[in-house]
Every structure is written in C-alpha cells, then in structure tokens.
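Structure first, then comments.
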Protein chains: 2
Amino acid sequence: MSLKRFLFMPRTPLNHVLCGWAQAAAAIGDQWSILIVRDAFKGVKTFSAFQKSIGVSKGVLSRRLEHLVASGILAKAPVGLGASHSEYSLTPKGKALLPAMLALAQWSDKWVFGEGNEPYVVVDALNQAPVPPLEVRAQDGRRVELEDLTILPGPGCPKSEP
Amino acid sequence: MSLKRFLFMPRTPLNHVLCGWAQAAAAIGDQWSILIVRDAFKGVKTFSAFQKSIGVSKGVLSRRLEHLVASGILAKAPVGLGASHSEYSLTPKGKALLPAMLALAQWSDKWVFGEGNEPYVVVDALNQAPVPPLEVRAQDGRRVELEDLTILPGPGCPKSEP
DNA sequence: CAGTATCCTCGCAGATACTG
DNA sequence: CAGTATCTGCGAGGATACTG
C-alpha cells in the first residue's frame, strides 16, 4: 500500500503557466465570468443587476466579481460619497476583451444555433446592422485559415510535437 | 428550521440557456477545454500527446475529450483498421473557433504579458510574421468600439436593464 | 440594497490500478 | 499505448442568515 494515497494533490493552478491561452483561461475561463463580462458589456454595473441577470447566488457572484477585479478586468468604485454601494465597470483591459467576446458570440450564433439564423446578438448602433463575422487576416491583408498559421508554443507552454 | 436545508439544489446548468455566450461557456468555458482546443490547433491528435502537453490527469482528459466530442468540436476516429488507438481532430465547428481563440491569445499577449512584448503566439506561416490584432468593423468598414455597439439580449438571455 | 459569513452537498480533479 | 473504473478530498456553488 502506498503512502501517496494519503497525500493531497491539489488542482493544478494555471496562473503560473506563462501561456497566453492559459492566462486567458485563468481570467475568464469559467462559465460565470464569461456571463459577468457579457453583462458588463451590456452596461450592467450593480451587484443586484448582475445577480438578477445571471441568476447566480450571491456568494458565488461576490467571489467572481472579486476575481475579475483582481484580474484587472473590472474596477470597483463607490458611487457617491456615502459609499452606500459600489459599481463595477470595465477597465481598458476588460474592454479589450471585445474581439474575443464578439468572436465567441458569432461562433455560437452560427454553430450552436444554426446557420439559418441571422446574427442578432451584437449590432452596430449607428446603422442598426449586425456586425459582420470577425475574420483573421495576415499583415498583407489576405484571409488566413488555420492551415496557414503556425501556433508557437510561447514561453511556459510545453512544446507539443504531433 | 427549514426543510429546504435538506433539499439538494444542483448547480445551475447552462446548456438550456439560449444565449450565445452561455452556449460558448458551456462548450469551452473551462480551463482544460481551452487548452485542449489550443493543442488541437497546434496539430496534437493523440490522447497521450494531449496529456503530455497539458499535464492533466488521464481521467480528466478523458472526460474533457468526451465533452468536446459531444459538443461537436472534436471528432474521434480510429486510426488504421486495427483500431489500436484513435485520433482526435478538429471538426469544422471546432476550426471555426479560430477567431475567438486568436482574439483570446492576442488579448493576453497584450494585457497579461504587457504591451512591450511583441505578439508571438500565432504567426502567419507564409511570411513568418505575426498576425495583426483582430479588429471589430461594422458593415460599412469603419472600426467600432464597445460604445458603438448595442448588445442585444438574445433569446433566453434575461433582459438586463442598467 | 450590497454584500459577508456559515453550512451543506455534491462535482471535479488527482492518483492508482486495471483492461484490451 | 489508450483509455476506463474506482477511490478520495478539496472546493465550487447553492441556500440562508446576518451586518451596515
């Protein structure tokens, strides 16, 4: 019988992995954070508004908001002087998630709900027209697909050899 | 004392929520799935290669792969006739995650690792040059920011009124 | 209203052993 | 090598009660 059976092996944390995707996963790689950021993009700011919109329990919401603030994606600021309550707003780092969030929305618009549907989630406010799908273009302007790209490991990412 | 204390309240599932972001979160909204998809983009195909690259335990990897196959992002196909082992490859639905994955990588390149660094994760194989950051453009071609957009609730998403 | 503290129940990740 | 089965224990997520 092995002694190791009684040693605890904690969940492998991702923060120490110096890989872009691991960092993104550590920041918003859970279901609640994505929905919180989505609501923040819509303009939701208060605790109760987040809770009503997402339907998550208060304890979980508190921890997720704390985590997003610690990650620099949201900023918590008291409103007024009485500090009766605070508001959460997107930082520049949080707003920079727009392309990623938009790409995720367009992906599910097309591949989860079906091609027949028109994209409806994000519209250009000026023209009231949907935003066309994001495209990946190289520096010379031509469209590139996955096959045209090389994914580098990046520091901290293991070099996986297929 | 309340009887409800003894009733189990399960974790709220996301699959039934008809919201694009909730669907995306349900599909790849956990840390391991993002890393698995990243490796699949790199060309990783076999079980052991995923495990060595990500460092996750076999049981977890088995379940995550199963989930990604069930979500239609990966396809599992036996290699050869002996069916000694199988390979996992990206479906079209999985390949369509490229803009979202790229946007996440570019976001962490800039905002987690710092602006000083040059993007290094994804390069155009033809020119050996990094892919420029994804930009959100309206139908008329002009660049749009978050403030120029209206985020619609979409079916199943609660209408949050800020 | 905006959280925090406490308690409770699984869910999920890790290790190990086992099968083909 | 490619998984599956089982065990274990933390900890995420839910409810409730409480504070300011």
Side-chain angles (χ1 to χ4, degrees), chain A residues 1-14 17 22 25-26 28-36 44-69 74 76-89 161-162, chain B residues 1-15 17 22 25-26 29-36 44-69 74 76-89 161-162:
Chain A
M1 92 186 267
S2 153
L3 247 177
K4 291 185 128 186
R5 285 199 142 258
F6 301 99
L7 264 59
F8 172 55
M9 188 59 40
R11 304 186 174 194
T12 44
L14 249 42
V17 181
I28 59 161
D30 70 291
Q31 309 185 321
W32 299 128
S33 295
I34 291 183
L35 298 183
I36 290 173
V44 174
K45 284 185 176 304
T46 68
F47 189 93
S48 63
F50 280 114
Q51 204 205 347
K52 190 160 64 171
S53 167
I54 302 179
V56 72
S57 68
K58 297 164 93 176
V60 174
L61 178 59
S62 177
R63 273 175 295 193
R64 294 287 91 193
L65 285 173
E66 204 173 354
H67 181 241
L68 287 170
V69 169
L74 293 182
K76 179 179 184 176
V79 60
L81 299 104
S84 64
H85 75 283
S86 300
E87 283 187 346
Y88 299 87
S89 58
E161 297 298 337
Chain B
M1 93 185 265
S2 152
L3 246 177
K4 290 184 127 186
R5 286 202 140 256
F6 301 100
L7 263 59
F8 171 54
M9 188 61 40
R11 307 188 171 191
T12 43
L14 250 41
N15 291 350
V17 182
D30 69 293
Q31 308 185 322
W32 298 131
S33 295
I34 291 184
L35 297 183
I36 290 173
V44 174
K45 285 185 175 302
T46 68
F47 189 93
S48 62
F50 280 114
Q51 204 207 347
K52 190 160 62 172
S53 168
I54 302 179
V56 72
S57 68
K58 297 165 92 174
V60 174
L61 178 59
S62 178
R63 275 174 295 192
R64 294 287 92 191
L65 286 172
E66 205 173 355
H67 181 242
L68 287 169
V69 169
L74 293 181
K76 179 178 183 177
V79 61
L81 299 103
S84 65
H85 75 285
S86 299
E87 281 187 347
Y88 299 88
S89 57
E161 297 298 337

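Chain identifiers are assigned alphabetically (A, B, ...) following the order of the sequence lines, protein sequences preceding nucleic acid strands; residue numbering begins at 1 within each chain.
- Taking atom CH2 of A:Trp32 as the reference point, atom C1' of D:dG13 lies 8 Å away to the nearest angstrom.
- For A:Ser48, the listed nucleotide lying nearest its side chain is C:dC1; candidates were D:dG14, C:dG14, C:dC1.
- When all heavy atoms of A:Ala25 and B:Ile34 are compared, the pair lying nearest together is CB-CD1, 3.9 Å.
- Listed pair A:Thr46 / C:dC1 fails the phosphate criterion, with no side-chain N or O lying under 4.0 Å from OP1 or OP2.
- Nucleic acid contact for A:Phe50: none, since no nucleic acid atom lies under 4.0 Å from a heavy atom of the residue.
- For A:Ser62 and C:dT4, the shortest distance from a side-chain N or O to OP1 or OP2 is below 4.0 Å.
- Minimum atom distance to the side chain of A:Ser57 is reached by D:dA15, of the listed D:dA15, C:dG14, D:dG3.
- The side chain of B:Phe47 sits closest to D:dA2 out of C:dA13, D:dA2, D:dG13.
- Under the side-chain contact (heavy atoms from CB on, under 4.5 Å) rule, B:Ser33 has a single partner from B:Leu65, B:Leu68, B:Leu74, which is B:Leu68.
- Annotation: side chain of A:Lys45 is not in contact with side chain of A:Val79 (no heavy-atom distance under 4.5 Å).
- Take the nearest nucleotide of DNA chain D for B:Leu65 and for A:Asp30: the residue whose nucleotide is more 5' is B:Leu65.
- What separates NE2 of A:His85 from P of C:dT4 is a distance of 14 Å, to the nearest Å.
- The residue from A:Asp30, A:Ile28, A:Val56 that alone fulfils the side-chain contact (heavy atoms from CB on, under 4.5 Å) condition with A:Arg64 is A:Asp30.
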(request) Check the pair A:Ile36, A:Leu61 against side-chain contact (heavy atoms from CB on, under 4.5 Å), reporting the backbone distance first and the verdict last. (result) CA-CA 9 Å; A:Ile36 290 173; A:Leu61 178 59; 3.8 Å; yes
(message) Give the dot-bracket line for DNA chain D from 5' end to 3' end: parentheses for intra-strand Watson-Crick or G-U pairs under 3.5 Å, square brackets for crossings, | for inter-strand pairing, dots for unpaired.
(response) ||||||||||||||||||||
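- Note: CZ (A:Arg64) to P (C:dT4) measures 14 Å, nearest angstrom.
- Rounded to whole Å, atom C1' of C:dG3 lies 13 Å from atom CZ of A:Arg63.
- B:Ile54 has its CD1 atom 16 Å from the C1' atom of D:dA2, to the nearest Å.
- Regarding B:Arg11, its CZ atom lies at a distance of 6 Å from the P atom of C:dC12, rounded to whole Å.
- If you take NZ of A:Lys52 and P of C:dG3, they are 15 Å apart, rounded to a whole angstrom.
- Summarising the geometry of A:Pro78 relative to A:Ser86, their closest heavy-atom pair is CA-OG, 3.8 Å, with the distance given to 0.1 Å.
- Annotation: the span from A:Lys76 atom NZ to A:Ser89 atom OG amounts to 12.0 Å, rounded to 0.5 Å.
- Between D:dG14, D:dG3, C:dG14, one nucleotide has an atom nearer to the side chain of A:Val60 than all others, and that is D:dG14.
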(request) Any chance you could lay out the side-chain contact (heavy atoms from CB on, under 4.5 Å) test for A:Phe47 and A:Ser62, step after step, and finish with the verdict? (result) CA-CA 8 Å; A:Phe47 189 93; A:Ser62 177; 4.3 Å; yes
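- Under 4.0 angstrom from either OP1 or OP2 of D:dG14 there lies at least one side-chain N or O belonging to B:Thr12.
- Rounded to whole Å, atom P of D:dT4 lies 11 Å from atom NZ of B:Lys58.
- OP1 or OP2 of C:dG3 lies within a sub-4.0 Å distance of a side-chain N or O belonging to A:Lys76.
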